[in-house]
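In this text, all values refer to a predicted model and were calculated from it rather than measured experimentally. Hydrogens, waters and symmetry mates are skipped; everything else that's a heavy atom, side chains included, is used.
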Amino acid sequence: MAQRLVLQRLLSLTPRTLPSQGPLVPHGRAFSTSLCCRSTFNVQDGSDFQDRVVNNPKPVVVDFHAQWCGPCKILGPRLEKMVAKQEGKVLMAKVDIDDHTDLAIEYEVSAVPTVLAMKNGDVVDKFVGIKDEDQLEAFLKKLIGA
């Protein structure tokens, strides 16, 4: 009963009289137009991978990762940052191996994190494990031919 009264009172308040608790932040996924987020995307399924990675005219870095993988949580943001620095010359696809086991098997991913460099639908380079920013930059420059 008390909860219902509190709810009714809150609903009757106008936006001006609601207590301020800082800016409202949406929960869940957010839409962003930052360079980082435009160059990085999550693969949804096999056909999405085919369309956005294999058939992409731009080089694509594919990050095979898992939610439970500690090294993946370190490498992922580091790699996203380095891809964003390339200013659209390369894209980054993120593939969760638990959600897309078929892709992990197809690309012979036996450990995570595994990162593939793909150009014109072909794997041209690959590494497994964590790399520092200098190594990632060299990996990306080799991929884009800079």
Just wondering, do [Y] and [X] contact through their side chains at under 4.5 Å, heavy atoms?
X	Y	value
Arg78	Glu133	yes
Leu143	Val124	yes
Asp125	Leu116	no
Val115	Leu75	yes

For [X], all residues meeting side-chain contact (heavy atoms from CB on, under 4.5 Å), sequence neighbours excluded:
X	answer
Pro77	none
Asp98	Ala66, Trp68, Asp96
Glu108	none
Lys94	Thr40, Asn42, Asp63, His65, Glu80, Met92

Provide the closest heavy-atom pair for [X] versus [Y] in the form atom of the first, atom of the second, distance.
X	Y	answer
Val53	Ala93	CG2-CB, 3.6 Å
Cys72	Val112	SG-CB, 3.8 Å
Gly88	Lys58	O-NZ, 2.7 Å
Val128	Lys126	CG2-CE, 4.4 Å
Ser39	Val90	CB-O, 4.1 Å

What's the verdict on side-chain contact (heavy atoms from CB on, under 4.5 Å) for Leu91 and Val83, showing C-alpha distance, side-chain angles and the deciding distance? CA-CA 7 Å; Leu91 302 175; Val83 166; 5.9 Å; no
Backbone N/O of Gln67 and side chain of Lys73: donor-acceptor pair under 3.5 Å: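 Checked: pair present.
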For the [atom1] atom of [X] and the [atom2] atom of [Y], what is their distance to the nearest 0.5 Å?
X	Y	atom1	atom2	result
Gln44	Asp51	CD	CG	12.0 Å
Phe139	Leu79	CZ	CG	8.0 Å
Leu103	Gln50	CG	CD	9.5 Å

Mind checking salt bridge (Lys or Arg N to Asp or Glu O under 4.0 Å) for Glu106 and listing every partner two or more places apart, or none if nothing turns up?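 Here no residue qualifies.
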Any carboxylate oxygen within less than 4.0 angstrom of a Lys/Arg side-chain nitrogen, looking at Glu137 and Lys85?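 No, this pair does not count.
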Quick check: is [Y] connected to [X] through a chain of hydrophobic side chains (ILVMFWY, heavy atoms under 4.5 Å apart)?
X	Y	answer
Phe64	Val54	yes
Val123	Val43	yes
Val62	Phe41	yes
Leu136	Ile74	no
Ile130	Phe127	no

Would you please test Tyr107 and Phe49 for ring-ring contact (aromatic ring centres under 6.0 Å, His included) and show each step? CA-CA 12 Å; Tyr107 287 92; Phe49 185 86; 5.4 Å; yes
How is the hydrophobic cluster of Ile105 composed, in terms of its other members, when Ile, Leu, Val, Met, Phe, Trp and Tyr link through side-chain heavy atoms under 4.5 Å apart, directly or indirectly?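 Hydrophobic cluster check, Ile105: no partners found.
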